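Worksheet for the structure shown next.
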Amino acid sequence: MARDLTATPIRRTNPVMGTWASIHVHDEAPPATVDDAIDGVFAELARLEDIFSTFRRESEISRFNRGEIDLGPRPATVGHATSPPRWRG
């Protein structure tokens with residue numbers, strides 16, 4: 001049976017990482033199910049912002065950049081990506 005995706009989508013927009021994230025869901029799922037899924041997405045975006053935001057003083061990346069925390073042992077590729085840049089010129 002084909003789904004009717006012409007119904008009005010459920011839309012939510014929240015601020016995240018200095019911009020806006022907008023989620024549009026086109027589905028026949030019950031609205032409560034869609035709302036729960038959208039809540040989960042925005043919760044994950046907030047979690048990632050808490051880690052990676054360079055604008056939040058207490059984010060993990062800001063604390064790492066100030067030398068307040070150490071990432072400990074990590075794969076070489078991650079270590080390289082988190083090492084201070086070495087400029088060649």
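Numbering of residues begins at 1 and proceeds along the displayed sequence. Keep in mind it's a predicted model, so treat the numbers as computed, not measured.
When the side chains of ILVMFWY residues are joined at heavy-atom separations under 4.5 Å, either directly or via intervening members, I69 and F52 end up in two distinct hydrophobic clusters. Note on L48: it does not cluster hydrophobically with F64, by side-chain heavy-atom contacts below 4.5 Å among ILVMFWY residues.
In terms of heavy-atom proximity, S53 sits nearest to S62 at O-OG, 3.3 Å.
A distance of 10.5 Å separates NE2 in H26 from CD1 in I10, rounded to the nearest 0.5 Å. Between the CD1 atom in I23 and the CG atom in D39 there is a gap of 9.0 Å [rounded to 0.5 Å]. We find the NE2-CD1 distance between H24 and I38 to be 9.0 Å, quoted to the nearest 0.5 Å.
A donor-acceptor contact shorter than 3.5 Å links the side chain of E49 to the backbone of M17. Between the side chain of T54 and the main chain of I61, no donor-acceptor pair closer than 3.5 Å is present.
Under a 4.5 Å side-chain heavy-atom cut-off, the cluster of Ile, Leu, Val, Met, Phe, Trp and Tyr residues that includes F55 has no other member.
In this structure the side chain of R57 never reaches within 4.5 angstrom of the side chain of R63, judged on heavy atoms.
The residues E58 and R56 are annotated as not salt-bridged, no charged nitrogen and carboxylate oxygen being separated by less than 4.0 angstrom. Under 4.0 Å is where a charged nitrogen must lie from a carboxylate oxygen, and between R47 and E44 at least one such pair does.
Counted by atom type alone, T13 and S22 present one or more donor-acceptor pairs between their side chains at under 3.5 Å.
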